[in-house]
Structures are given as C-alpha cells and as structure tokens.
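There's a structure below that I have some questions on.
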Amino acid sequence: MDNLQEEIMRLLFSLLLAAYLPFACANTETDIQKNVTQFYTFYLHQLNSDASPPNIIKLEQMNRWVSAKLLKRMDEIYHMPEQELLMADYFTYAQDIFPEWEKQIKVSPAYPDKGSMKLDVWLGLKGNENAHLQVWTRNENGGWKIFRVIDAGDNYEQKLN
C-alpha cells in the first residue's frame with residue numbers, strides 16, 4: 001500500500017508542477033514586457049525633454065533596462081570623432097521623435113529566441129502608422145536587459161561593432 005501512496009503523491013506533484021509551469025513562464029514574459037514598456041516610456045520622455053542620447057545612456061536608470069555591454073559600446077561610439085556607425089537613434093531607429101510616441105507604445109509579450117527573450121515594440125506615428133521594432137533581452141544580474149534592437153519595419157539593424 002505504501003508504494004501506491006507514493007505513486008499517487010508523485011502523480012499529484014507532477015500534475016501540480018505541470019499546472020504551475022505555464023504560469024511561471026507567463027509571469028516572466030509579462031515582467032519582461034512591462035520592463036521594456038517602462039524603458040520606452042522613460043527613454044521617449046527623456047528625448048521629449050530635449051535630453052540627447054549620449055547623455056541619456058549615462059543616466060543610472062538605464063542600467064535597469066539596458067545591458068552593461070550595450071551601454072558601454074554606445075558610449076564608446078558617441079565619443080568617436082565623426083562617428084558614422086549610428087545613422088539614427090539606436091532604440092527608436094528614428095532621427096525625429098514625436099511627442100505622441102510617449103503615449104503610444106505597444107509591446108508584445110516576450111517569447112524565447114535562442115537563449116534570450118524577444119519582443120515586438122510599436123511606437124505610434126502620425127496617420128496611424130507605426131514604427132515596428134524588435135527588441136532582445138537577456139537575464140543579466142537578476143534582471144532582463146535589452147541587448148539588441150532592430151528596425152523590423154525596414155528589416156534593418158545598426159551594427160555597433
């Protein structure tokens with residue numbers, strides 16, 4: 001009878017675990033989605049307040065959302081004389097930022113992509129058009145940090161190498 005009870009307990013434990021795992025994953029995906037939304041809200045607000053990208057990346061808050069390696073590389077690029085690696089703002093792929101963008105941010109739930117988590121981000125534009133970005137995050141020091149952004153609408157990526 002003890003073997004039967006043990007088998008039942010294992011089965012119950014397996015069922016509970018199977019029921020919990022989808023919620024645990026969904027929670028991570030939702031947390032990453034909220035994190036990226038917070039980043040774009042903060043970043044666009046800074047741009048709309050006339051802060052320049054080279055100054056924004058030095059703000060302590062950026063460490064919450066962006067990988068240390070990406071921030072370091074961007075700082076190096078901004079300090080290059082006549083830098084020509086960035087043709088537009090890296091996080092928006094735009095040369096001009098519209099104030100409406102700050103209130104028109106749509107971020108998909110995160111989904112796995114080769115050891116990282118990927119999201120789609122849309123920034124509202126005039127005339128119901130959207131800037132469509134894809135953003136990759138990875139777990140760094142206990143938080144999900146942005147390490148790569150591409151312009152999904154034009155299928156273009158600014159290489160920071």
Side-chain angles (χ1 to χ4, degrees), residues 22-161:
F23 293 108
C25 292
N27 195 24
T28 298
E29 293 162 359
T30 303
D31 288 347
I32 296 168
Q33 179 184 25
K34 287 178 187 174
N35 197 39
V36 170
T37 302
Q38 288 173 356
F39 165 74
Y40 274 97
T41 301
F42 170 81
Y43 190 76
L44 292 171
H45 180 74
Q46 292 299 312
L47 290 173
N48 286 329
S49 299
D50 291 327
S52 68
N55 290 331
I56 297 171
I57 64 164
K58 293 178 183 176
L59 295 173
E60 183 63 32
Q61 296 96 315
M62 292 292 284
N63 293 304
R64 266 181 71 190
W65 302 297
V66 182
S67 77
K69 184 177 178 181
L70 178 56
L71 288 174
K72 181 177 186 256
R73 182 62 182 137
M74 291 179 77
D75 190 48
E76 291 168 352
I77 290 170
Y78 285 133
H79 282 91
M80 289 179 180
E82 300 180 36
Q83 79 83 13
E84 294 178 6
L85 292 172
L86 296 177
M87 301 307 201
D89 177 72
Y90 182 75
F91 294 108
T92 64
Y93 278 82
Q95 292 180 347
D96 297 316
I97 306 301
F98 299 98
E100 306 87 50
W101 286 8
E102 196 175 329
K103 296 176 185 128
Q104 296 178 358
I105 302 167
K106 181 181 173 192
V107 179
S108 74
Y111 49 96
D113 184 61
K114 299 177 187 167
S116 62
M117 297 296 275
K118 183 178 173 183
L119 306 95
D120 287 285
V121 175
W122 294 270
L123 304 175
L125 294 172
K126 293 180 180 181
N128 292 327
E129 294 180 31
N130 292 303
H132 180 199
L133 308 168
Q134 288 182 319
V135 176
W136 281 261
T137 65
R138 71 176 85 160
N139 199 323
E140 179 182 292
N141 299 326
W144 289 90
K145 310 283 179 93
I146 296 169
F147 71 92
R148 180 180 176 205
V149 180
I150 69 166
D151 180 347
D154 289 331
N155 197 27
Y156 175 73
E157 180 173 10
Q158 296 185 95
K159 301 288 185 182
L160 300 184
N161 306 343

Notebook entry, point to check: For Lys159 and Glu157, what are the C-alpha separation, side-chain angles and deciding distance, and is it a salt bridge (Lys or Arg N to Asp or Glu O under 4.0 Å)?
Noted result: CA-CA 6 Å; Lys159 301 288 185 182; Glu157 180 173 10; 3.4 Å; yes
Item checked: Residues that Gln134 engages under side-chain contact (heavy atoms from CB on, under 4.5 Å), provided they are two or more places apart ->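 For Gln134 the side-chain contact (heavy atoms from CB on, under 4.5 Å) partners, ignoring immediate neighbours, are Tyr111, Lys118, Asp120, His132, Trp136, Ile150, Ala152.
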Check: Do Phe39 and Met62 have side chains that get closer than 4.5 Å, going by heavy atoms?
Finding: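 With C-beta onward as the side chain, the pair touches.
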Notebook entry, point to check: How long is the gap from CD on Gln158 to CD1 on Ile77, to the nearest 0.5 Å?
Noted result: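 If I round to the nearest 0.5 Å, the distance is 9.0 Å.
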Notebook entry, point to check: Around atom CZ of Arg138, are there more than 12 heavy atoms of other residues, nucleotides or ligands at under 6.0 Å?
Noted result: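 Counting neighbours around CZ of Arg138, 12 or fewer heavy atoms of other residues, nucleotides or ligands fall under 6.0 Å, so no.
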Notebook entry, point to check: Looking at CD of Gln46 and CZ of Phe91, how far apart are the two atoms once the value is rounded to the nearest 0.5 Å?
Noted result: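 Rounded to the nearest 0.5 Å, the CD-CZ separation comes to 13.0 Å.
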Check: Just how far is it from atom CD1 of Ile32 to atom OG1 of Thr37, taken to the nearest 0.5 Å?
Finding: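 These two atoms lie 11.5 Å from each other.
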Notebook entry, point to check: Under 3.5 Å, side chain of Tyr78 to main-chain N/O of Asn55, donor-acceptor pair present?
Noted result: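 Looks like no, no N/O pair under 3.5 Å.
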Checklist line | Closest non-hydrogen atom pair between Ile105 and Tyr40, with its separation | finding: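 Reported closest heavy-atom pair: CD1-C, 3.7 Å.
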Next item on the list: For residues Lys69 and Phe147, determine if any side-chain heavy atom of one lies less than 4.5 Å from a side-chain heavy atom of the other.
Entry: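 No, every pair of side-chain atoms sits at 4.5 Å or beyond.
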Notebook entry, point to check: Minimum heavy-atom separation for Lys145 to Val66, with atom names?
Noted result: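 So the two residues come closest at CB-C, 3.8 Å.
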Note to self: Checking Lys72 now: which residues fulfil salt bridge (Lys or Arg N to Asp or Glu O under 4.0 Å) with it, not counting sequence neighbours?
What the structure shows: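 For Lys72 the salt bridge (Lys or Arg N to Asp or Glu O under 4.0 Å) partners, ignoring immediate neighbours, are Glu76.
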Checklist line | His79 (side chain) donor-acceptor with Asp75 (main chain) under 3.5 angstrom | finding: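 Yes, His79 side chain to Asp75 backbone: donor-acceptor pair under 3.5 Å.
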Next item on the list: Write down the atom of Glu140, the atom of Ser67, and the distance for their closest heavy-atom approach.
Entry: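 So the minimum-distance heavy-atom pair works out to OE1-CB, 3.2 Å.
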Note to self: Return the CD to CD distance between Gln61 and Gln38, rounded to the nearest 0.5 Å.
What the structure shows: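 Going from CD on Gln61 over to CD on Gln38, the span is 12.0 Å.
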Next item on the list: Using the side-chain hydrogen bond (donor to acceptor under 3.5 Å, both in side chains) rule, collect all pairs that involve residues 87-96, keeping only residues at least two apart or in two chains.
Entry: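 The answer is Tyr43-Asp89, Asp89-Thr92.
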Next item on the list: Mind checking the CZ-CZ spacing from Arg64 to Phe42? Nearest 0.5 Å is all I need.
Entry: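 One gets 9.0 Å once the value is rounded to the nearest 0.5 Å.
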Notebook entry, point to check: How far apart are the closest heavy atoms of Val121 and Val135, and which atoms are they?
Noted result: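 Here Val121 and Val135 meet closest at CG2-CG2, 3.7 Å.
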Check: Sub-3.5 Å donor-acceptor pair from the side chain of Asn48 to the main-chain atoms of Glu102, do we have one?
Finding: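 No, Asn48 side chain to Glu102 backbone: no donor-acceptor pair under 3.5 Å.
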Note to self: Could you measure the distance from the CG atom of Leu47 to the CD1 atom of Ile56? Nearest 0.5 Å is fine.
What the structure shows: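 Nearest 0.5 Å value for the CG-CD1 distance: 4.0 Å.
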Check: Are the side chain of Trp101 and the backbone N or O of Gly124 linked by a donor-acceptor pair below 3.5 Å?
Finding: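 Checking the backbone N and O of Gly124 against the side chain of Trp101, a donor-acceptor pair under 3.5 Å is found.
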